[in-house]
Amino acid sequence: MKVLKFGGSSVADAARIKVVTGIIADAARGDRVAVVLSAMKGVTDGLISLARKAEEGSEGLKDALEAIRAQHFDAVRLLFGPADQASALTPLAIMCNELEEILHGVELIRECSARTMDLVMSFGERLSCRLAVSYMSAKGIPAVLVDAREIVRTDERFGSASVDFPTSYALIRERLEAVTGIAVIPGFIGATAKGVTTTLGRNGSDYTASIIGAGVDAKMIEIWTDVDGVLSADPRIVPDAFVIPAISSEEAMELSYFGAKVIHPYTMVPAVEKNIPILIKNSLNPAAPGTLIAAAETIKRDGALPITGIASIEGISLVNIEGGGMMGIPGFAARIFAALAREGINIIMISQASSEHTICLVFRTAEGERALATLNRELAPELHTHRIERFELMRELLIVSVIGENMHGTPGMAGRLFSALGRAGINILVIAQGSSERNISFVIEEKNHALALRTIHAEFLPGRSK
Ligand code: ADP
Ligand code: ASP
Ligand code: MG
């Protein structure tokens, strides 16, 4: 079996849905196929904003809901002839009405919990899948809607739930074996053991595809998106970025973890476990070969390229904790980490100077204020006795990561990287290098974003055309 996943841009409107249906029909001629779909482009953002509007009792709620309804209904009108429109519209209309009632509930109590937000967000993928199944059926393709909430079992961490793999795999295998046609499964969503709707984190449909693929021991997981594959850098920032024909799972994980949005970082985990290759393809350009993500030893790479790719995460803040009082005290770092973990705050990067005089912690800005408050509370005794100095949050920063298997054991990489940035006048605030030597990450000011990425690309990957 092959699993094909199509992202929001691939199902953005009627024309794109037609193209995707053609790709699915082609694939189904050679293999058994299961399909995972995202919400139509912009719908998840739209749903989040609806929930916020309902919470605030905002005037704009009705119009915003109408826009989401219209996006789906317009697609139906363009995809179906007059005779079939009513039967395609009815299930979508019922779901939109249900959504409206939930939002009305939020409006009444003026609160949208993480649990309710997951339910609201789930409508995006459920609507797009319902629409696609109706269209595929009308075209004579035997499509069957399989609700991800019946087969992807998670815990109750709403917003980014953790998957219970053994249970999910058993449910997936059992359910999909019973499907005779093409299973169409909403990405991004799952459910707890009690059947409460959860989501897997933004961009999570890629992850769903991989979970489904691992559940059925698929021979291939194809992620269809709107670019020709994994590129050496974000093409919106680095115009010279080029497609990487093949990349190891570890490199793909590092690139996506450090901001390459083309694939969700967890996607590689189930695929690696079951040794399933992932192919990134462009639904706007199916003839392009795409990027193969597979085990490092099977990858044929261009040995001449010193790095594989560059990624970046915006919206970063950091705290620098300094003071002689930390020197040689065992457990100081452990206390900091435990306090932050208790608050559920994620540390993205850490660096400690060997003198133990400073520890630098890097957070997403959204969690920065809470991190600062937590650290101030935890370290109040040391601050009071001046064993450590007062610290502040530095904002508007960016993490840049330079990634590549070839960096391993290549002397002088870091020197070349930081010299190039120095020549461009870019100041580096923190550096961390993974012991795998597959990744060098550093923090700079956000204003240097494009300059830094273009400088590094030109230094290590010059003269390549798309
Ligand atoms: P989908 O809706 O198909 O899931 P996404 O918008 O989530 O698509 O991801 C694809 C986008 O990721 C591309 O359009 C591109 O702008 C962006 N992107 C960022 N970094 C990279 C990269 N290194 N390679 C390819 N695309 C990237
Ligand atoms: N629709 C979800 C999102 O926008 C999941 C996905 O597209 O992968 O985050
Ligand atoms: Mg995506």
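When a ligand or atom number is given, it counts from 1 through the structure's own listing order.
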Write none if no such pair exists; otherwise list each N/O atom of ligand 2 with its protein N/O partner under 3.5 Å and the distance.
residue	atom	partner	partner atom	Å
ligand 2	1 (N)	T44	OG1	2.7
ligand 2	1 (N)	E125	OE2	2.6
ligand 2	4 (O)	T44	OG1	3.3
ligand 2	4 (O)	R202	NH2	3.0
ligand 2	7 (O)	S38	OG	3.1
ligand 2	8 (O)	N203	O	3.4
ligand 2	8 (O)	G204	N	3.4
ligand 2	8 (O)	S205	N	3.0
ligand 2	8 (O)	S205	OG	3.2
ligand 2	9 (O)	R202	NE	2.6
ligand 2	9 (O)	R202	NH2	3.4
ligand 2	9 (O)	N203	N	2.8

Checklist entry - Hey, mind stepping through F442 and F418 against ring-ring contact (aromatic ring centres under 6.0 Å, His included) and telling me if it holds? => result CA-CA 10 Å; F442 55 91; F418 295 120; 5.5 Å; yes

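Contact check on R438 versus E251 returns no salt bridge, with no Lys/Arg side-chain nitrogen under 4.0 Å from an Asp/Glu carboxylate oxygen. Here D234 does not pair with K261 in a salt bridge; the nearest charged N to carboxylate O distance is not below 4.0 Å.
Because its NZ or CZ atom is not both nearer than 6.0 Å to the ring centre of Y135 and within 45° of the ring axis, K18 does not count as a cation-pi partner of that residue.
Residue contact check: N203 has heavy atoms under 4.0 Å from atoms 4 (O), 7 (O) of ligand 1. Contact atoms of ligand 1 toward K5: 4 (O) (distance under 4.0 Å to a heavy atom of the residue). Atoms of ligand 1 found under 4.0 Å from any heavy atom of A233, numbered from 1 in the order shown, are 22 (C), 23 (N). Close contacts between ligand 1 and T225 involve ligand atoms 1 (P), 3 (O), 8 (O), 10 (C) [criterion: under 4.0 Å to a heavy atom]. Proximity to G8 (heavy-atom distance under 4.0 Å) selects the following atoms of ligand 1: 2 (O). Below 4.0 Å from some heavy atom of S9 lie the following atoms of ligand 1, by number and element: 2 (O), 3 (O). Ligand-side atoms of ligand 1 in range of V227: 13 (C), 14 (O), 25 (C), 26 (N), range being under 4.0 angstrom from any heavy atom. Each of the following atoms of ligand 1 lies closer than 4.0 Å to a heavy atom of G229: 24 (N), 25 (C).
By the neighbour-count criterion of 12 heavy atoms within 6.0 Å, atom CG of D26 is densely surrounded, having more than that number from other residues, nucleotides or ligands. More than 12 heavy-atom neighbours from other residues, nucleotides or ligands sit within 6.0 angstrom of CD on E66. Around the CZ atom of R157, the shell of radius 6.0 Å holds more than 12 heavy atoms that belong to other residues, nucleotides or ligands. Heavy atoms from other residues, nucleotides or ligands lying under 6.0 Å from CD of E343 number more than 12.
Remark: side-chain polar atoms of R110 are paired, donor with acceptor, to backbone N or O of E107 under 3.5 angstrom. Judged by distance alone, the side chain of S58 and the main-chain N or O of A54 form no donor-acceptor pair under 3.5 Å. T192 places no side-chain N or O within 3.5 Å of a backbone atom of T154 that could act as its donor or acceptor partner. Formation of a donor-acceptor pair under 3.5 Å by the S10 side chain with backbone atoms of S283 is not found in this model.
When hydrogens are left out, the protein atom nearest atom 14 (O) of ligand 1 is D226 OD1, 2.7 Å; that is the closest non-hydrogen contact.
Here L397 contributes atom CG and H449 contributes atom NE2; the two are 12.5 Å apart, rounded to the nearest 0.5 Å. The distance from atom CD1 of I399 to atom CD1 of I313, rounded to the nearest 0.5 Å, is 4.5 Å.
Each of T308, I247, I403 was evaluated against E254; a single residue qualifies, I403, per the side chain to side chain contact (heavy atoms under 4.5 Å, CB included) test. Of the residues E367, E314, E446, E369, the one that meets the salt bridge (Lys or Arg N to Asp or Glu O under 4.0 Å) test with R395 is E369.
When the heavy-atom distances from atom 23 (N) of ligand 1 to I237, L231, N282 are ranked, the shortest goes to L231. In this comparison of V238, D234, T291, T44, the heavy atom closest to atom 19 (C) of ligand 1 sits on D234. Which of V262, I403, D228 comes nearest to atom 26 (N) of ligand 1 through a heavy atom is settled by distance: it is V262.
For the Mg ion (ligand 3), the neighbouring protein N/O/S atoms at less than 2.8 Å, given as residue and atom, are N203 OD1.
In terms of polar-atom proximity, defined here as any N/O pair under 3.5 Å, S232 makes no such contact with ligand 1. Considering both main-chain and side-chain atoms, K261 comes within under 3.5 Å of ligand 1 through a nitrogen or oxygen pair.
Here R236 has side-chain heavy atoms under 4.0 Å from ligand 1, and that is the only part of it that gets that close.
Relative ring orientation between Y266 and H264 is described as perpendicular, the plane-to-plane angle rising above 60° on a 0-90° scale split at 30° and 60°.
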